[in-house]
Amino acid sequence: MWGIDGEGRRVLVIERSFVMYFYLVLKSQEDPKTVLGRIHQQASEMPFLGQIELTVKRFFGREVQAIKVSCLDPDFVPQCAKALSGIEGVEKCLEDDFRYSMRYLIDSGVTPCSWHRADVEEADRDVKAQVDDVYIAKTVPARMEEKGAPPPFRTISFFPVYHASRGAPKPETDPVVIISTITNTGETRRFKASNLDDRSLMESFVEYVRGFDPDVIVGFETNRRHLQFLTARARKLGLKLSIDRVNAEPHQSVYGHVSITGRAGMDMLDMADELQEVKVKTIENVAAFLGVKRLDEQVMIDETDFASYWDDLEKRTQLLRYAAEKTECLLGIFESMFPYASQLSRLVGLPLDQIGRVAVGFRIEWYLIREAFRIGEIVPERVERPYIPYAGGMVLAPKPGVHENIAVLDFKSMYPNIMIEKNVSPDTYIPPSVSKLPTEVNIAPVVGHKFLKEPAGFYKRVLSDLIAFRDQIRARMKELDQQSSEYRLLDARQQAVKVITNAAYGYAGWIGARWFEKPVAEATAAWGREMIINAIQAAEELGLNVVYGDTDSIFVEREPERIETLSSMIKRELGLEIRPDKVYERILFTEAKKRYCGLLPNGNLEIVGLEVVRGDWANVARTTQERILELILKEQSPGKALEFVQQFIVQLRQRKVPYRDLIIWKTLTKPVAEYEVNAPHVAAARKLENEGWALTVGDKVGYIITQGSGKLYERAKPYMLTSYEEVDAEYYVANQVVPAALRILSMFGVREADVTASAPSKKPGTLAEFF
DNA sequence: GCCTGGTCTCTACCC
DNA sequence: ACGGGTAGAGACCAGGCG
């Protein structure tokens, strides 16, 4: 275990006593002692086996007889498990697929990003590691709950620039010409190649990192790209990228993250996955969103131009400055996201350098695995299942038009609370074949699934604990100064708890989940639909007009007294809390579900689902629609909105809008070769591949529609391979700006011809006039 | 061969 | 590689028509 002690010394603590194990669950009708005898017999011929003992555990809530088999060499667990699982009387083999390090963390209770106390002794001198002290643990490290603040880390962020004359840089042929770094102690460095010779750059970069001895190495796209590239490039030069604490190289590890032994490699691109609002994940966009730094468009350089900037000595300075800006942004992004990342790591129990990379489903699963261990439940195996869809939440058709003074009532944590209230869990599920008294079970509406009322199921226990934990954190926060570091830490902690709580329902319906039981998710959703239907009915009986609703919310006229009555009725009769979440002074619905725009009391617009918030529309369409919504909802003037669009279209046709506002971004959701139809972004991706760029799933393709004939996809070109002269302005008028504008303006009787005409015949007036 | 309407593919959103 | 519900654009294709 790599850590920092109370005096700020970097330490390596070695645990030598922990022994790996797995379980053999016995068939219920077998005599456990007989099976144990058979296992002993078989085991005597096998190496590496340690203790073999009979034990009582729980599996899906039922008591089971199990044999715990210890295995002295962790690498032989799969082999031992396979050999013993075929023995007569053994039902199945479980928990044989854990990594040694995770098994240790779970069993010991050692948690990443937390303080622990351990009794230690000095280790032998033969351990080569770049730390102040190496110890052997004499006791299992015990978590210290009371000590919260993290130790002062040394952090470095870096950004590399490669030189490729064509397409994606390749370590075999293309040098790294710049590595820019900055540390949290304020040191900046720019390692430069000598023209195209990067040997001394590589050497001095490695030397510098080792000298600074960071605890955290921050980068962007490091897991998927830069660490592999730099490692391979160093090798090509006959060097070693030994930036870790054991004089080895960064290496590929679990969940596709790259491990730097003894340090935490943090890829801020992985962390940025959490930021749904950032549509195109670049360092600049993430930094701007987090309020870290706003880079001027003028200083930004596309990667396609890196080589030419390097080759031109005058432009090289700009490139160097730009690389330095990137590392500054990165350090700021890290500082902004670290509290959340570390609290998530601590809550889930996965190491800090893995937490950003690991999929949401697995985060929850590791949390559940820790909880299962705590209560003596054996963890189910991963099984492949067919995908069978089921019905989810209910969405109401909105009442189109503009409404004034609308309150949004939300069910508080609807799905988690249903799962608690109805004890919905894989271990409380009663299949149709099993008969129970109606008083013993909760029966889900419509779908009819049954769940035992008692005892409390696994999900109920876990979710109740999480909700109680969050309430407790928030109670402590109330006593603190909002600027204090403790407050910020607790805020990040409650955020992590919330995320895990809210994702439990999705996890329960995921066929890849170890604790999957389709009726669990299906019943939860069915109860959810019942709740909202009842809420709507109750609201209407109270004379509250319901204008919209989605899954766990209803939008009603704001009448505080009746809302108060409604909320206490729902609390009493449904057992769930519904509360006024927010108020819109004015809100606009079209006929579409999941798309609306509301004006908040603070004067801000909240835009939901519309083109403005979608990443796959050109900025010209998004910003135009946003302005229209402002003019309509704030100034209540569809007339001004129409005038604005007309003028904007004139500008667009005269090519007076920035080129970047014409780029359409779309994500590749599969390998380019696997697409069945010729979508524009796929055609643009093919062009990039022809230019030597390697594209993978998840990459964003930015394209421009150019003039010419034929299908649209034949006119889509990557934006960096296109010039403004080629742009088909009419496409952007007809297929971007006009549809986005009319989505709103058609509600006020505006038609396409009104928008595109430069001299309009008639204008709509005010909202009041219109209605 | 051209036009039309319906269906399918694809993406990104909401909660 | 967490769930289902939904909107919307554009490709694709069969069928009608001249």
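So that the names make sense, note that chain A is the first sequence line, chain B the second, and so on, each numbered from 1.
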Given C:dA7, C:dA9, B:dT9, which nucleotide is nearest the side-chain atoms of A:A592? C:dA7
Which listed nucleotide (C:dC2, B:dC15, B:dA12) is nearest to the side chain of A:Y596? B:dC15
Students often get this wrong, so: under 4.0 angstrom with heavy atoms, is A:G512 touching a base, only sugar-phosphate, or nothing? nothing
Answer yes or no: does a side-chain N or O of A:R614 lie under 4.0 Å from OP1 or OP2 of C:dA9? no
By nearest atom, which of the nucleotides B:dT11, C:dG8, C:dC2 is closest to the A:R743 side chain? C:dG8
Once you apply a heavy-atom cut-off of 4.0 Å, does A:V613 come out as touching a base, just sugar-phosphate, or nothing? sugar-phosphate
A:I705 CD1 to C:dA11 C1', in whole Å, measures 13 Å
Of all the choices, C:dG3, B:dC10, B:dC15, which nucleotide is nearest to the side chain of A:D552 once you look at every atom? B:dC15
For a quick check of understanding: with a heavy-atom distance under 4.0 Å over all strands, which category does A:K518 fall into, base, sugar-phosphate or nothing? nothing
Please state whether the rings of A:F555 and A:Y548 are parallel, tilted or perpendicular, taking 30° and 60° as the class boundaries. perpendicular
Where does the angle between the aromatic ring planes of A:Y505 and A:Y415 fall among parallel (under 30°), tilted (30 to 60°) and perpendicular (over 60°)? tilted
Checking all strands, does A:N502 fall into the base, sugar-phosphate, or nothing category for heavy-atom contacts under 4.0 angstrom? nothing
From CH2 of A:W527 over to C1' of C:dG3, roughly how many Å is that when rounded to an integer? 17 Å
Less than 4.5 Å apart, side chain to side chain, heavy atoms only: is that true for A:V608 and A:V613? no
Would you mind classifying the nucleic acid contact of A:F516 as base, sugar-phosphate or nothing, using non-hydrogen atoms under 4.0 angstrom? nothing
Given B:dA12, B:dC15, B:dT9, which nucleotide is nearest the side-chain atoms of A:D550? B:dC15
First encountered from the 5' end of DNA chain C, between A:M394 and A:Y507: A:Y507
If you look at every strand shown and take non-hydrogen atoms under 4.0 Å, does A:A391 touch a base, only sugar-phosphate, or nothing? sugar-phosphate
Heavy atoms from C-beta onward define the side chain here; which of C:dG3, B:dC13, C:dA9 lies closest to that of A:Y505? C:dG3
Rounded to whole Å, how long is the line connecting atom CD of A:E606 with atom C1' of B:dC14? 12 Å
If you check every side-chain atom of A:Y675, which of C:dA11, B:dT11, B:dC15 has the closest atom? B:dT11
Starting the side chain at C-beta, find the nucleotide from C:dA11, B:dT9, C:dG8 nearest to A:W617. C:dG8
Between A:W510 and A:F362, what is the ring plane arrangement, given parallel below 30°, perpendicular above 60°, and tilted in between? perpendicular
Of the nucleotides B:dT11, B:dC10, C:dG3, which has the atom closest to the A:Y390 side chain? C:dG3
Over how many whole Å does the gap from A:L463 atom CG to C:dC2 atom P extend? 18 Å
Does the Lys NZ or Arg CZ of A:K399 fall within the cation-pi geometry relative to A:F589 - under 6.0 Å from the ring centre and within 45° of the axis? no
Report which part of the nucleic acid A:G509 touches: base, sugar-phosphate, or nothing (heavy-atom distance under 4.0 Å, all strands). sugar-phosphate
The nucleotide from C:dA11, C:dC2, B:dC15 with an atom nearest the side chain of A:V608 is B:dC15
Could you tell me how the ring of A:W515 sits relative to the ring of A:F458: parallel (under 30°), tilted (30 to 60°) or perpendicular (over 60°)? tilted
